[in-house]
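All ligand and atom numbering here is 1-based and tracks the order in the structure. All values below come from the heavy atoms of this structure, side chains included, with hydrogens, waters and symmetry mates left out.
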Amino acid sequence: MEKIVINGGHPLKGSISASGAKNAVLPIIAASIVGTGTSIIKNVPHLDDVTTMNTLLIQMGVNLTVNDTTNVEICADNIHTPRAPYETVKTMRASILALGPLLTKYGTAEISLPGGCAIGARPVDIHLKGLEAMGAKIIVENGYIIAKAERLYGCHFHMEKVTVTGTENLLIAATLAKGETVLENCATEPEVIDLTNYLINMGAKIEGIGTPTLKIQGVEQLVGCEHTVIPDRIEVGTFLVAAAATGGEITINNANPDDLVVVLKKLRQAGAIITTTKDSISLNMHGKRPKPVNINTAPHPNFPTDMQAQFCALNAIASGYSIVTENLFENRFMHINELIRMGAEIKIAGNQAIINGVKNLNGAPTTATDLRASASLVIAGLVAEGTTEIFDIHFIDRGYEVIEEKLNQLGADIKRVNF
Ligand code: EPZ
């Protein structure tokens with residue numbers, strides 16, 4: 001077993017480079033199923049979730065090799081088992097992203113129904129309704145989604161909620177469907193745009209990129225191609241918040257400031273001096289204590305829910321009151337109790353965390369509960385007086401590439417310890 005041990009009080013200083021985006025590479029690897037021939041996906045981060053997705057495709061019969069540190073070569077021409085088993089899906093909900101690609105290319109898919117996860121019920125009803133609108137016959141039996149379609153056909157489908165993976169599943173399915181598909185109320189996250197660019201590079205005909213309405217003309221075949229994954233804006237945002245919380249000064253290279261407009265605005269409100277170039281972001285806190293900032297999560301281009309837990313840690317030591325409102329997931333405040341154990345003064349009322357910033361947090365043994373909650377605990381440990389231990393750190397490894405190495409590079413006293 002491993003835990004992370006942090007001795008707090010060191011302002012982060014220096015520069016690091018962002019890794020490829022987890023939430024872009026997962027749909028892109030799944031989408032490679034629809035391509036004929038080989039795709040080479042570049043700037044792939046070394047994350048447990050990526051390994052899980054790679055393993056899922058290999059189990060199906062996809063010829064997939066990690067051909068050097070960050071590139072993955074994929075050929076999905078000979079899939080023999082269009083199935084995502086329970087034991088894989090239960091470890092990674094994003095396995096649902098295999099449904100659309102398998103159905104549109106092979107006419108059949110058997111995907112274990114993703115259960116909920118720590119942060120919420122995470123239903124996939126919109127995914128299924130959209131595929132049925134395209135002509136799929138879907139039953140749910142013994143915990144599996146069993147989907148069949150001679151050939152999907154185009155449709156006009158309005159998603160009742162903005163769903164990132166729902167948009168991605170239906171978009172991929174539409175690329176090989178017969179005729180025109182119009183998808184309304186689509187997610188417009190940068191990761192959805194990156195997937196769209198990959199599909200277009202494979203020969204897909206998609207209009208409305210980056211807007212809530214996507215129009216797709218189905219084609220007969222898509223051809224594998226090279227694609228470089230965008231930088232991970234949530235990893236970048238997490239490190240910027242850590243630097244702000246510790247009063248430090250960092251630069252993140254290979255980062256796109258256009259993907260973090262609202263997050264950078266909130267960091268400036270908290271007192272950070274931020275300068276950007278087209279592919280880097282620098283933050284200087286000048287040793288100051290952060291000012292409190294109110295947060296309201298909502299689909300892109302609003303404040304990203306995946307940055308909510310990190311800002312709770314920042315607000316926990318800010319000079320005043322703040323309110324953090326979580327509007328997407330029903331249970332995304334599990335980091336709060338752990339922050340309270342470190343001395344934070346926070347009250348939960350429904351989907352709001354009311355935070356009274358304190359001058360100092362105290363190091364403590366803590367437990368991670370989900371990916372972004374674990375990032376919040378790392379940030380709290382970096383600012384706390386004394387030693388913080390974080391258990392159940394497998395959550396961190398799902399979404400952050402060698403987080404302790406990058407933080408060490410920035411002067412943090414953090415290590416991974418076997419126990
Ligand atoms: C994606 O999850 C991300 N995961 C999540 O990142 C992110 O938090 C979330 O989008 C919101 O931005 C990946 O991209 C792999 P949703 P996703 O479908 O697509 C409701 C992280 O930390 N909904 O956008 O699964 C749902 O209940 C992870 O990196 C339905 O009602 O989330 C929720 O309230 C966590 N029916 C809302 O939509 C559906 O069929 C958003 O969920 C689908 C969704």
Q: Using distance alone, decide if ligand 1 has a nitrogen or oxygen within less than 3.5 Å of any nitrogen or oxygen in T305.
A: no
Q) Do any N/O atoms on F329 end up under 3.5 angstrom from N/O atoms on ligand 1? A) no
Q) For residues K266 and Q269, is any side-chain donor paired with an opposing acceptor at under 3.5 Å? A) yes
Q.
Considering non-hydrogen atoms of the protein only, which is the closest contact for atom 17 (P) of ligand 1, and what is the distance?
A. T165 OG1, 3.5 Å
Q: May I ask you to decide if H300's main-chain N or O and E189's side chain share a donor-acceptor pair within less than 3.5 Å?
A: yes
**Q.** Protein residue, atom and distance nearest to atom 20 (C) of ligand 1, heavy-atom basis
**A.** K161 CD, 3.8 Å
Q: Nearest heavy atom to atom 36 (N) of ligand 1 wins, so pick from D370, D125, L371.
A: D125
Q | Enumerated ligand 1 atoms positioned under 4.0 Å from heavy atoms of V124 | A | 39 (C), 40 (O)
Q) If you measure from the Lys or Arg side-chain nitrogens to the Asp or Glu carboxylate oxygens, is any gap between K22 and E235 under 4.0 Å? A) no
**Q.** Spacing of L371 atom CG and D49 atom CG [to the nearest 0.5 Å]
**A.** 7.5 Å
**Q.** atom 25 (O) of ligand 1: nearest protein contact (heavy atom, Å)
**A.** R122 NH2, 3.0 Å
Q. Against heavy atoms of R372, which atoms of ligand 1 measure under 4.0 Å?
A. 21 (C), 22 (O), 29 (O)
Q: Note the single closest protein heavy atom to atom 30 (C) of ligand 1, along with its residue, its atom name and the distance in Å.
A: P123 CG, 3.5 Å
Q: Establish, from distance only, whether the side-chain atoms of S19 and E401 form a donor-acceptor pair under 3.5 Å.
A: yes
Q.
R332 versus ligand 1: do any nitrogen or oxygen atoms come within less than 3.5 Å of each other?
A. yes
**Q.** Minimum-distance protein heavy atom relative to atom 37 (C) of ligand 1
**A.** V162 O, 4.2 Å
Q | Carboxylate-amine/guanidinium contact R233 E191, below 4.0 Å | A | yes
Q. Which protein heavy atom lies closest to atom 5 (C) of ligand 1, and at what distance to 0.1 Å?
A. D306 OD2, 3.8 Å
Q) K22 heavy atoms, cut-off 4.0 Å: which ligand 1 atoms fall inside? A) 21 (C), 29 (O)
Q) Counting both backbone and side chain atoms, is some N or O of I126 under 3.5 Å from an N or O of ligand 1? A) yes
Q) Looking at T188 and T211, what are the two nearest heavy atoms and their distance? A) CG2-C, 3.5 Å
Q.
Can a side-chain donor-acceptor contact be found between Q308 and T297 if the only test is distance below 3.5 angstrom?
A. no
Q | Residue H127 vicinity, atoms of ligand 1 by number, heavy atom under 4.0 Å | A | 40 (O)
Q: Just need the protein heavy atom nearest to atom 24 (O) of ligand 1, so name the residue and atom and give the distance.
A: V164 N, 3.0 Å
Q: Heavy-atom contacts with R93 under 4.0 Å: which atoms of ligand 1 show up? List them by number with element.
A: 25 (O)
Q) Going through the checks in order, is the side chain to side chain donor-acceptor pair (under 3.5 Å) test met by T55 and T52? A) CA-CA 5 Å; T55 307; T52 303; 6.0 Å; no
**Q.** Pair E404 + K415: basic N to acidic O under 4.0 Å
**A.** no
Q. Where the side chain of R93 meets the backbone of R122, is there a donor-acceptor pair that is under 3.5 Å apart?
A. yes
Q) What protein heavy atom is closest to atom 18 (O) of ligand 1, reported as residue, atom name and distance in Å? A) T163 OG1, 2.7 Å
Q) Does the distance from a Lys or Arg side-chain N to an Asp or Glu carboxylate O, for K129 and E132, drop under 4.0 Å? A) no
Q: Indicate yes or no: does an N/O atom of L328 lie under 3.5 Å from an N/O atom of ligand 1?
A: yes
